[in-house]
Amino acid sequence: MARPRDLARSFYKRDSRVVGPELLNKVLVHGRRRARLVEVEAYVGGIDPGSHAYRGQTPRNAVMFGPAGHLYVYFTYGMHWCANAVCGELGEGTAVLLRAGEPLAGLDEMHAARPGAKGIERDLCRGPARLCQALGIDGTLNGVDLVAPGGVRIVDDGVPPPVGPGASVRIGLSAGADLPWRWYVPDNRYVSR
DNA sequence: ACCGGGATGTTCT
DNA sequence: GAACATCCCGGTG
């Protein structure tokens, strides 16, 4: 089984389109709450018109251009938070959006944080903003080290990524809508839409 | 089941 | 002023 340290190396100096599918079946951890990642999307600096990093660094996306293995959290539609794992080299601006997860632990806290799910486990983490709401991830966690103990982490509990991940275009974009950089665990009921 | 629209405010043109 | 890496609710079939 890989240790957290090995996971940190896997983000570093590697493209989000490579790291993305490898993050499937890894576990997102915040306090007692844990969710297995079943759906992700890659965003790439410079070449990707769908990425926040496409037009260069701004105050909002600064974390994307920082060191790999950190959490980029952004606010959208006036009410939702979404979270990414930063990859690649310093200054590159490439990251993996965490789109959905299967709840594993701390379900009581997730339900309390997500009244909109109406007690339905399937709806706790199915969608990028739902996942953040369920895990208690918001702007105060923007930039945190994903491998340091105590905060938000992504850990490997020994379940390998799917050998043949599902793939599709990304969801909810206008620019870059044709790029097939979404991956998911096939036939998993916690994948969105 | 599917579809349409409202919420809500930050970011960038 | 428009767009936005979304979600929720209420309508209809």
Side-chain angles (χ1 to χ4, degrees), chain A residues 11 15-21 23-24 26 28 33 35 37-66 68 70-88 92-103 110-144 146 152 154 165-185 189-193:
Chain A
F11 290 116
D15 193 285
S16 58
R17 288 164 292 184
V18 177
V19 176
L23 284 181
L24 294 175
K26 299 294 186 295
L28 182 65
R33 289 175 265 189
L37 297 172
V38 298
E39 179 184 346
V40 300
E41 286 175 355
Y43 289 85
V44 182
I47 65 167
D48 176 8
S51 171
H52 291 169
Y54 184 55
R55 290 172 181 81
Q57 187 171 333
T58 67
R60 173 173 75 155
N61 65 21
V63 169
M64 269 187 102
F65 291 86
H70 288 240
L71 193 69
Y72 167 47
V73 183
Y74 68 90
F75 188 62
T76 192
Y77 289 103
M79 65 191 92
H80 298 303
W81 298 100
C82 297
N84 298 250
V86 176
C87 304
E92 187 177 353
T94 188
V96 176
L97 173 67
L98 311 177
R99 277 200 60 91
E102 171 177 349
M110 293 186 188
H111 278 116
R114 289 213 69 235
K118 296 186 170 62
I120 300 171
E121 180 188 330
R122 188 184 186 201
D123 290 336
L124 283 176
C125 305
R126 191 168 53 123
R130 292 168 168 180
L131 179 65
C132 283
Q133 200 179 5
L135 275 280
I137 294 171
D138 63 19
T140 65
L141 295 168
N142 187 32
V144 302
L146 280 171
V152 176
I154 297 176
S168 82
V169 296
R170 297 172 295 181
I171 294 178
L173 304 192
S174 50
D178 52 328
L179 299 169
W181 294 343
R182 167 177 176 258
W183 298 275
Y184 54 92
V185 177
R189 65 188 250 98
Y190 298 95
V191 172
S192 76
R193 59 187 217 168

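In what follows, every chain begins at residue 1, and chains take the letters A, B, ... in the order their sequences are listed.
Among residues at least two apart or in separate chains, salt bridge (Lys or Arg N to Asp or Glu O under 4.0 Å) pairs with a member in residues 116-127 of chain A are Asp123(A)-Arg126(A). Among residues at least two apart or in separate chains, side-chain hydrogen bond (donor to acceptor under 3.5 Å, both in side chains) pairs with a member in residues 129-144 of chain A are Arg114(A)-Gln133(A), Asp138(A)-Thr140(A). Among residues at least two apart or in separate chains, there is no salt bridge (Lys or Arg N to Asp or Glu O under 4.0 Å) pair with a member in residues 77-86 of chain A. Pairs engaging residues 37-55 of chain A under the salt bridge (Lys or Arg N to Asp or Glu O under 4.0 Å) rule: Glu39(A)-Arg99(A), Glu39(A)-Arg182(A), Glu41(A)-Arg99(A), Asp48(A)-Arg170(A) [sequence neighbours left out].
dA5(C) and dC3(B) have their C1' atoms separated by 22 Å, with the value rounded to a whole Å.
In terms of heavy atoms, Gln57(A) sits closest to Ala62(A) at NE2-CB, 3.7 Å. The two residues Tyr74(A) and Thr76(A) have their closest heavy-atom pair at CE1-CB, 3.8 Å. Pairing each heavy atom of Leu37(A) with each of Val185(A), the nearest pair is O-CG2, 4.3 Å. Of all heavy-atom pairs between Thr94(A) and Ser16(A), the closest is OG1-OG, 2.8 Å. Between Val40(A) and Leu98(A), the shortest heavy-atom distance links the atoms CG1-CD2, 4.4 Å. Residue Ala117(A) comes nearest to Leu124(A) through the heavy atom pair CB-CD2, 4.0 Å, listed as atom of the first residue, atom of the second, then distance.
Only Gly50(A), His52(A), Met64(A), listed by number, bring a heavy atom of residues 50-65 of chain A to less than 4.0 angstrom from any atom of DNA chain C. Residues from residues 120-136 of chain A with heavy atoms under 4.0 angstrom of DNA chain C, sorted by number: Gly127(A), Pro128(A), Ala129(A), Arg130(A).
For the side-chain contact (heavy atoms from CB on, under 4.5 Å) test, residues two or more places apart in sequence or in another chain that qualify with Pro21(A) are Pro165(A), Trp183(A). Taking Tyr54(A) as the reference, Pro49(A) meet the side-chain contact (heavy atoms from CB on, under 4.5 Å) condition, with sequence neighbours excluded.
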Please report the C-alpha distance between Met110(A) and Leu135(A) in whole Å, then the side-chain angles of each, then the deciding distance to 0.1 Å, and finally whether the side chain to side chain contact (heavy atoms under 4.5 Å, CB included) criterion is met.
-> CA-CA 6 Å; Met110(A) 293 186 188; Leu135(A) 275 280; 3.9 Å; yes

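Taking the 5' to 3' direction, DNA chain C first and last meets chain A under 4.0 angstrom from a heavy atom at dC4(C) to dC9(C). Extent of DNA chain B lying under 4.0 Å from chain A heavy atoms, first and last nucleotide in 5' to 3' order, is dA7(B) to dT13(B).
Closest-nucleotide positions on DNA chain C for Ala117(A) and Glu41(A) were compared, and the one nearer the 5' end corresponds to Glu41(A).
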List the atom pairs, with distances to 0.1 Å, where a side-chain N or O of residues 78-88 of chain A and a protein N or O form a donor-acceptor pair under 3.5 Å, not counting sequence neighbours.
from, atom 1, to, atom 2, distance (Å)
Asn84(A), OD1, Leu97(A), N, 3.4
Asn84(A), ND2, Tyr72(A), O, 3.3

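Where DNA chain C pairs in unbroken runs of 3 or more (Watson-Crick or G-U, both distances under 3.5 Å), the stems are B:1-7 with C:6-12, B:9-12 with C:1-4.
In this structure, Asp178(A) contributes its side chain and Val169(A) its backbone to no donor-acceptor pair below 3.5 Å.
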